[in-house]
Q: 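Below is the structure I would like to discuss, written out as structure tokens.
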Amino acid sequence: MNSSATPQLLHRTARCGELTPADAEARREVILTGWVHHRRDLGQLIFVEIRDFSGTVQAVFDPSHALEAHALAETLRSEFVVGLKGRVVQRESVNPKHPTGSIEIRVDLLEILNPAGQLPFLIDEDVESNEELRLRYRYLDLRRPRLQQVLRTRHRLSAATRKAMDDLGFNEIETPILTKSTPEGARDYLVPSRIQEGGFYALPQSPQLFKQLLMVAGFEKYYQFARCFRDEDLRADRQPEFTQIDVEMSFATPEDVYEVVESIVAGMFREIGVTIELPLPRMAYAESMDRFGVDRPDTRFGLELKDLGAAAEGTGFRVFDGALEKDDGTVRGIAVPGAGDASRKVLDRWTDWAKSAGAGGLVWIKIADDGKISSPALKVLGEDGCRAAAAAAGAGNGDAALVVADSRSVCNRVLGVLRLKVAEERELIPEGKWNLLWIEKFPLFEWDEKDQRWYSMHHPFTAPRGEDLPKLADSPGEVLSDAYDIVLNGTEIGGGSIRIHNQEIQSQVFDALSISKEEADSKFGFLLRALASGAPPHGGIALGFDRICAMLTGSESIRDVIAFPKTTRAACLMTGSPSKVDSAQLRELHIDLAPGTKE
RNA sequence: GGAGCCGUGGUGUAGUUGGUUAACAUAUCGGACUGUCACUCCGAAGAUCGCGGGUUCAAGUCCCGUCGGCUCCGCCA
């Protein structure tokens, strides 16, 4: 075990997973390097599966063939790093479960390049250790074939995208990571300046302003795999730092952006062997809210939201009448096919879901296969009334209708949530479908009750649609924008807009957002000056690359498609960041910790 | 900020109404084995049950607090 000496068997001549029966036919002599995956010691014969990035292959040590190599093989343990030399031969007993199961390496020479101690968990597909441990020893977790496969796919998706963008004439241009804090949006990660006392950089939430300035500069077609940072609480699909495919084009309409994005996305799907039909369907925001209750509809299945309309009017049912009397009040519902025999327990659970989504309650109407109706509203509505209401929701014999009476926005929100959860629970979402579509014609602003002001739905640089410009001052709530989202199976995978290229309109939008001239000037003065210096009409999009990778690799969480992810408390368990720094470092940055800060 | 689930030898789990030696598998160490493939067989070692406090004659188990991981709500233009 002379692992300190200069290794002899370092330069392999083949890769484990790529050896074939033809190599055995030729009795090819190879040098392999890799890790000990499994070891099966039969006393005389020793079988060792060697693993490298390409896969595994079995090596056999036979004392009658190579005594020294066999003796050394007795000392091998899991995850030792070895080099070996031998001939590829046919196996005496074939293992059909294994890609290289018909061949093996008859080893002449073995060299231990580096031994390994006992590892915190097994590098085996089916043994799941807990996530905390896997994150602490991420480099071991990443040895697993599954994660290697995922990151390899991620690489192929980015390589395909870079190739496509180059072919389309886009330039990849990097933008600063140390930049300026901007109001609105997410919390910024801040970086203190040593040189400028009391000054802070912010890490970019996105390269939004820089890419617009590149358009002003005349680059016309820009893209970038941009790292973005947002200091908000984490989720399975949210990390504090993540990657966007950031795109911006001059002299562009939404159509131009759609065309580019569709070719990128179709190219990524091609990498996983899926053909996407182009052009993608489009849907107005208003229609999506009306039919699905959300702005990112999952169109793989039905259960669409319906107005109960006449069936709910004048029934004397207090729940319905109460809602209909209100401004904007309505009665809406969904039909759950095959739920006509749902148990009380199930209906109670659905009611709880509706309540936690903001509904006062949930009216359910079950119709058994034989047409028998049960519902809490049966007494008031009668058989015919219930049947009419259920029919309006789209439910017939054997189905259930779930009905919510409230303001239109509450109905949509509640039913939108219910539709997804019920469909998931009842397994009504078909596997293997990839439903992509564009959502467009978003409102420019949304009203915030708490702050009593308008906020940008997308961001403050989104262009209002031309025909809505006159409404900007007086009825901002009615202004639609040239913003668009691309949605895959109910997940938003990207969003963008045509930008404001005119300083006057940009100022009007800041007015509507109650951003004062002074604030606009101090935060975005450079942008306003740029817009007044010959800015071309322009627009673009940002695609959530991590989410796309997660969906295309069937990963539950984007942690799986990020090599070194952070926990839900935004920590890296492997390096132990964030961590304390010594007081000299803080002094240099002109920072005092607040009294009471935990040491 | 809030809610839920989880934390037991290196690892994955079991552990009843609180009851005396904390069980099983795997990995580790030693032994046997020439066609295994999650090799098999025999033996050994390995745990103050995340941490702190409390109730009790007695706590892995009950209570309170705390730390960590995950999921969700708020939040994420």
Side-chain angles (χ1 to χ4, degrees), chain A residues 37-49 56-65 70 74-75 77-79 89-102 104 106 116-137 140 182-188 205-206 208-209 228-240 242 352-353 356-358 417 421 442-446 448 450 454-462 481 483 492 495-497 509 513 515 542 544 556-557 559 565-571 573 576 598:
Chain A
H37 196 56
H38 281 290
R39 185 185 66 113
R40 293 178 286 274
D41 183 347
L42 275 60
Q44 294 294 300
L45 282 184
I46 301 175
F47 298 96
V48 178
E49 275 174 57
T56 65
V57 71
Q58 174 168 288
V60 58
F61 295 87
D62 184 343
S64 68
H65 178 75
H70 177 270
E74 285 181 332
T75 70
R77 295 293 178 270
S78 281
E79 299 305 310
V89 297
Q90 292 285 345
R91 281 202 208 176
E92 277 180 35
S93 48
V94 168
N95 180 358
K97 284 188 289 188
H98 205 283
T100 59
S102 68
E104 64 191 358
R106 174 160 284 260
Q118 181 166 19
L119 304 185
F121 52 83
L122 299 174
I123 314 301
D124 220 320
E125 276 295 356
D126 25 327
V127 185
E128 272 297 299
S129 65
N130 80 53
E131 189 135 14
E132 190 174 346
L133 210 63
R134 292 172 50 201
L135 288 170
R136 192 176 308 280
Y137 300 95
L140 294 181
T182 53
E184 307 209 41
R187 230 174 264 119
D188 286 317
Q205 296 179 26
S206 80
Q208 182 61 38
L209 295 173
C228 305
F229 305 85
R230 294 178 191 174
D231 186 5
E232 295 294 345
D233 287 349
L234 280 63
R235 291 284 189 282
D237 63 351
R238 268 171 20 200
Q239 282 276 303
F242 58 98
D352 285 343
W353 289 348
S356 62
V417 169
K421 297 191 74 161
F442 283 86
L444 187 61
F445 303 113
E446 53 192 346
D448 186 284
K450 196 174 73 224
W454 295 99
Y455 277 96
S456 292
M457 191 142 182
H458 189 53
H459 57 52
F461 319 110
T462 303
S481 71
E492 182 203 320
S497 62
V509 168
L513 290 169
I515 296 174
E556 295 277 315
S557 163
R559 282 191 302 277
K566 293 189 173 52
T567 68
T568 50
R569 291 187 68 249
L573 296 182
K598 278 187 229 149

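It should be emphasised that the depicted structure is a prediction, and the values quoted were computed from it without experimental measurement. Quick note on labels: first sequence line is chain A, next is B, and so on, each numbered from 1.
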Q: For a 4.5 angstrom cut-off between non-hydrogen side-chain atoms, does A:Trp454 reach A:Leu444?
A: no
Q: Using the C1' atom on both, measure B:C49 against B:C33 and round to a whole Å.
A: 38 Å
Q: Under 3.5 Å, which N/O atoms of the protein pair with N/O atoms of nucleotides 40-43 of chain B?
A:
none

Q: Across all strands, who's sitting opposite B:G4 as a Watson-Crick or G-U wobble pair, both distances under 3.5 Å?
A: B:C70
Q: Out of B:G74, B:G68, B:U36, which nucleotide sits closest to the side chain of A:Asp233?
A: B:G74
Q: Quantified in whole Å, what is the C1' atom distance between nucleotide B:U48 and nucleotide B:G31?
A: 32 Å
Q: My understanding is that a pair needs two contacts under 3.5 Å, Watson-Crick or G-U wobble. By that rule, which nucleotide pairs with B:G65?
A: B:C51
Q: Distance between the C1' atoms of B:A22 and B:U13, in whole angstroms?
A: 13 Å
Q: Would you indicate which nucleotide in B:C75, B:U34, B:A38 comes nearest to any side-chain atom of A:Arg187?
A: B:C75
Q: Would you list the protein and nucleotides 25-31 of chain B atom pairs, both N or O, that sit under 3.5 Å from each other?
A:
from, atom 1, to, atom 2, distance (Å)
B:A27, O2', A:Gln118, NE2, 3.2
B:C29, OP1, A:Arg77, NE, 3.1
B:C29, OP2, A:Arg77, NE, 3.1

Q: Both A:Gln205 and A:Ser64 contact RNA chain B. Taking the nearest nucleotide for each, which residue is further toward the 5' end?
A: A:Ser64
Q: Which protein N or O atoms sit under 3.5 Å from an N or O of nucleotides 3-8 of chain B?
A:
none

Q: I want to confirm an ordering. Mapping A:Leu135 and A:Arg230 to their closest nucleotides on RNA chain B, which one lands closer to the 5' end?
A: A:Leu135
Q: In Å, rounded to the nearest 0.5 Å, how long is the span from CG of A:Leu122 to NE2 of A:His38?
A: 8.5 Å
Q: Please give the distance between the P atoms of B:C75 and B:C67 as a whole number of Å.
A: 25 Å
Q: Please determine, for the side chain of A:Gln58, which listed nucleotide (B:U71, B:C37, B:G68) has the closest atom?
A: B:C37
Q: So, is A:Thr568 close to the B:G69 phosphate, meaning a side-chain N or O under 4.0 Å from OP1 or OP2?
A: no
Q: Side chain of A:Leu45 only, please: which of B:G69, B:U34, B:C37 is the nearest?
A: B:U34
Q: If we ignore hydrogens and angles and just use 3.5 Å, is the side chain of A:Arg77 paired with the main-chain N or O of A:Ala116 as donor and acceptor?
A: no
Q: Using the C1' atom as the reference point in each nucleotide, state the distance between B:C62 and B:U26 in Å, no decimals.
A: 33 Å
Q: Would you give the length of the straight line joining atom CG of A:Leu234 to atom CD of A:Glu232, rounded to the nearest 0.5 angstrom?
A: 9.5 Å
Q: Which distance, rounded to the nearest 0.5 Å, do you find between the NE2 of A:His459 and the CD of A:Gln208?
A: 3.5 Å
Q: Mind checking side-chain contact (heavy atoms from CB on, under 4.5 Å) for A:Glu446 and listing every partner two or more places apart, or none if nothing turns up?
A: A:Met457
Q: B:U36 base stacked by A:Phe47? Criteria: ring centres under 5.5 Å, plane angle under 30°.
A: yes
Q: In the strands shown, is B:U40 matched to any nucleotide by a Watson-Crick or G-U wobble pair with both distances under 3.5 Å, and which?
A: B:A32
Q: Tell me the interatomic distance from A:Glu132, atom CD, to B:U11, atom C1', rounded to whole angstroms.
A: 14 Å
Q: Any N or O donor-acceptor pair under 3.5 Å from the base of B:C33 to the side chain of A:Arg40?
A: no
Q: Can you list everything that forms a side-chain contact (heavy atoms from CB on, under 4.5 Å) with A:Gln118? Sequence neighbours excluded, please.
A: none
Q: Which one, B:U34, B:U71, B:G69, comes nearest to the side chain of A:Asp62?
A: B:U34
Q: With a 4.0 Å limit, can you tell me whether A:Lys421 has a side-chain N or O closer than that to the phosphate oxygens OP1/OP2 of B:C72?
A: no
Q: Looking at A:Arg235 and B:G74, is any side-chain donor or acceptor paired with a base atom of the opposite kind under 3.5 Å?
A: yes
Q: Take atom C1' in B:G15 and the same atom in B:A32, then report the distance between them in whole Å.
A: 35 Å
Q: Determine the interatomic distance between C1' on B:U56 and the same-named atom on B:G18; round to the nearest Å.
A: 9 Å
Q: For A:Ser102 and A:Gln90, work out which heavy atoms get closest and say how close.
A: O-OE1, 3.4 Å
Q: Choose from B:G10, B:U36, B:C76 the nucleotide whose nearest atom is closest to any side-chain atom of A:Pro120.
A: B:G10
Q: Give a yes or no on whether a donor-acceptor pair under 3.5 Å exists between the nucleobase atoms of B:G68, that is its base, and the side chain of A:Glu131.
A: no
Q: For a quick check, tell me whether the side chain of A:Arg238 and the base of B:C75 share a donor-acceptor pair closer than 3.5 Å.
A: yes
Q: With rounding to the nearest 0.5 angstrom, report the CZ to OG1 distance, A:Arg39 to A:Thr75.
A: 8.5 Å
Q: For the pair A:Phe121 and A:Tyr137, name the ring-plane relationship: parallel under 30°, tilted 30 to 60°, perpendicular over 60°.
A: perpendicular
Q: Tell me every residue that passes side-chain hydrogen bond (donor to acceptor under 3.5 Å, both in side chains) with A:Glu49, counting only those two or more places apart in sequence or in another chain.
A: A:Arg40
Q: Taking all non-hydrogen atoms of both residues, which atom of A:Thr100 and which atom of A:Arg91 are closest, and how far apart?
A: O-NH2, 3.7 Å
